[in-house]
Amino acid sequence: MPTTLSRALFSVLAATLLASSSHAAPPSTQEVWRHHIQAWEARDLAAITADYTDGSVLILNNQTFRGKAAITSVFRQLFQLFDQGQNVVDPPTVDGRTVYITWHFTPKGEGTFFGSDSFVVEKGKIQIQTIASELYLGHPIRP
């Protein structure tokens with residue numbers, strides 16, 4: 001009888017823990033940003049694209065990239081480009097579901113380019129990102 005009672009209590013406890021974990025709040029905008037910038041700094045393609053959904057949109061200098069596959073391709077190219085110089089990201093502005101950053105990138109043998117990114121985070125994922133910089137005129141990102 002004690003074994004049956006122990007199993008029953010264990011089952012109830014396990015079910016309660018599973019139910020509560022499935023209703024856990026999604027990461028906050030600040031947490032998503034922290035994960036995103038850490039993945040950027042580590043050049044971790046899988047980690048950075050995990051911040052997006054198949055419905056996410058990234059707009060870079062008037063080019064629109066939709067979904068994780070397209071966004072993965074963008075970051076693969078960005079990692080290659082940004083590994084060829086020095087980048088400084090200014091402190092972010094985080095307000096509600098929005099993150100705004102400015103940055104300064106100096107490719108080897110070139111002057112410094114200013115850029116900015118805006119992010120809209122919903123349900124723990126980046127739904128919309130915009131990137132703007134003259135950098136991409138001379139270093140285009142291809143679909």
Side-chain angles (χ1 to χ4, degrees), residues 3 5-143:
T3 304
L5 181 59
S6 295
R7 286 185 188 154
L9 287 173
F10 177 77
S11 295
V12 169
L13 179 60
T16 302
L17 288 174
L18 286 174
S20 66
S21 66
S22 67
H23 296 296
S28 69
T29 300
Q30 183 67 43
E31 291 167 329
V32 171
W33 167 249
R34 193 175 311 116
H35 178 267
H36 191 75
I37 196 66
Q38 288 170 349
W40 170 262
E41 290 169 354
R43 301 297 192 258
D44 187 333
L45 192 58
I48 207 161
T49 57
D51 291 334
Y52 298 86
T53 71
D54 287 329
S56 295
V57 175
L58 187 152
I59 301 169
L60 186 149
N61 277 17
N62 298 322
Q63 291 183 86
T64 301
F65 302 89
R66 295 181 189 280
K68 287 178 93 164
I71 292 169
T72 298
S73 175
V74 169
F75 277 101
R76 185 176 291 115
Q77 294 173 70
L78 290 176
F79 288 166
Q80 290 174 352
L81 173 59
F82 279 77
D83 281 345
Q84 303 304 313
Q86 181 180 12
N87 189 46
V88 175
V89 178
D90 297 324
T93 299
V94 180
D95 186 3
R97 63 188 187 126
T98 306
V99 178
Y100 176 75
I101 62 167
T102 54
W103 46 269
H104 314 268
F105 178 64
T106 308
K108 290 178 184 161
E110 297 183 49
T112 299
F113 292 90
F114 173 82
S116 68
D117 290 31
S118 297
F119 304 82
V120 177
V121 177
E122 294 175 346
K123 299 179 183 172
K125 298 290 183 180
I126 299 168
Q127 300 299 325
I128 301 169
Q129 179 180 359
T130 65
I131 306 172
S133 177
E134 289 187 353
L135 169 68
Y136 306 113
L137 299 177
H139 302 274
I141 301 300
R142 307 278 184 219

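The main-chain N or O of Ala132 is never found under 3.5 Å from a side-chain atom of Asp117 such that the two would form a donor-acceptor pair. Between the side chain of Gln77 and the main chain of Ser73, a donor-acceptor pair closer than 3.5 Å is present. With Asp95 contributing its side chain and Thr98 its backbone, the two residues share no donor-acceptor pair below 3.5 Å. With Thr106 contributing its side chain and Gly85 its backbone, the two residues share no donor-acceptor pair below 3.5 Å.
Between Leu135 and Leu81 there is a side-chain heavy-atom pair separated by less than 4.5 Å. Gln84 has its side chain out of reach of Pro107: every pair of non-hydrogen atoms, C-beta onward, lies at least 4.5 Å apart. At a threshold of 4.5 Å between non-hydrogen side-chain atoms, the residues Thr112 and Phe105 do not count as touching. Residues Ile141 and Leu78 meet the side-chain proximity criterion, which asks for heavy atoms closer than 4.5 Å. Residues Ile59 and Ile131 have side chains not in contact (no heavy-atom distance under 4.5 Å, counting atoms from C-beta outward). With contacts defined as side-chain heavy-atom distances shorter than 4.5 Å, the pair Gln127/Val57 does not qualify. Residues Asn87 and His104 fail the side-chain proximity criterion, which asks for heavy atoms closer than 4.5 Å.
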>> Show, in sequence, the C-alpha distance, side-chain angles and deciding distance for Lys68 and Thr53, and conclude whether the side-chain contact (heavy atoms from CB on, under 4.5 Å) test is met.
In response: CA-CA 6 Å; Lys68 287 178 93 164; Thr53 71; 5.6 Å; no
>> As a quick check of understanding, evaluate side-chain contact (heavy atoms from CB on, under 4.5 Å) for Ile48 and Trp40, giving each step before the final call.
In response: CA-CA 7 Å; Ile48 207 161; Trp40 170 262; 3.9 Å; yes
> Step by step, would you call Phe119 with Thr130 a side-chain contact (heavy atoms from CB on, under 4.5 Å)?
Replying inline: CA-CA 7 Å; Phe119 304 82; Thr130 65; over 6 Å; no
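With sequence neighbours left out, Thr102 forms a side chain to side chain contact (heavy atoms under 4.5 Å, CB included) with Asp90, Tyr100, Phe114, Ser116. Scanning for side chain to side chain contact (heavy atoms under 4.5 Å, CB included) contacts around Glu31 gives Pro27, Ser28, Arg34, with sequence neighbours left out. The side chain to side chain contact (heavy atoms under 4.5 Å, CB included) check on Thr29 picks up Val94, Arg97, Val99, Val121, with sequence neighbours excluded.
Remark: Glu134 CD is loosely packed, at most 12 non-hydrogen atoms of other residues, nucleotides or ligands lying under 6.0 Å away. In Asp83, the CG atom is crowded: over 12 heavy atoms of neighbouring residues, nucleotides or ligands sit closer than 6.0 Å.
Shortest non-hydrogen contact noted between Ser133 and Asn61 is O-ND2, 2.7 Å. Scanning both residues, Pro143 and Phe65, for their nearest heavy atoms gives CA-CE2, 3.7 Å.
Under the 6.0 Å cut-off for aromatic ring centres, Trp103 and Phe113 do not qualify, their centroids lying 6.0 Å or more apart. Between His139 and Phe82, the distance separating the two ring centers is not shorter than 6.0 angstrom.
Note that the OG atom of Ser56 and the CD1 atom of Ile71 stand 5.0 Å from one another [nearest 0.5 Å]. Atom CD1 of residue Ile126 and atom CG of residue Leu58 lie 9.0 Å apart, to the nearest 0.5 angstrom. Atom CZ of Arg76 and atom CZ of Arg43 lie 14.5 Å apart (nearest 0.5 Å).
Between Gln129 and Tyr52, the side chains place a donor N or O and an acceptor N or O closer than 3.5 Å (distance only, hydrogens not considered).
Residues Lys125 and Asp51 are not paired through a salt bridge, judged by the lack of any N-O separation under 4.0 Å between the basic side chain and the carboxylate.
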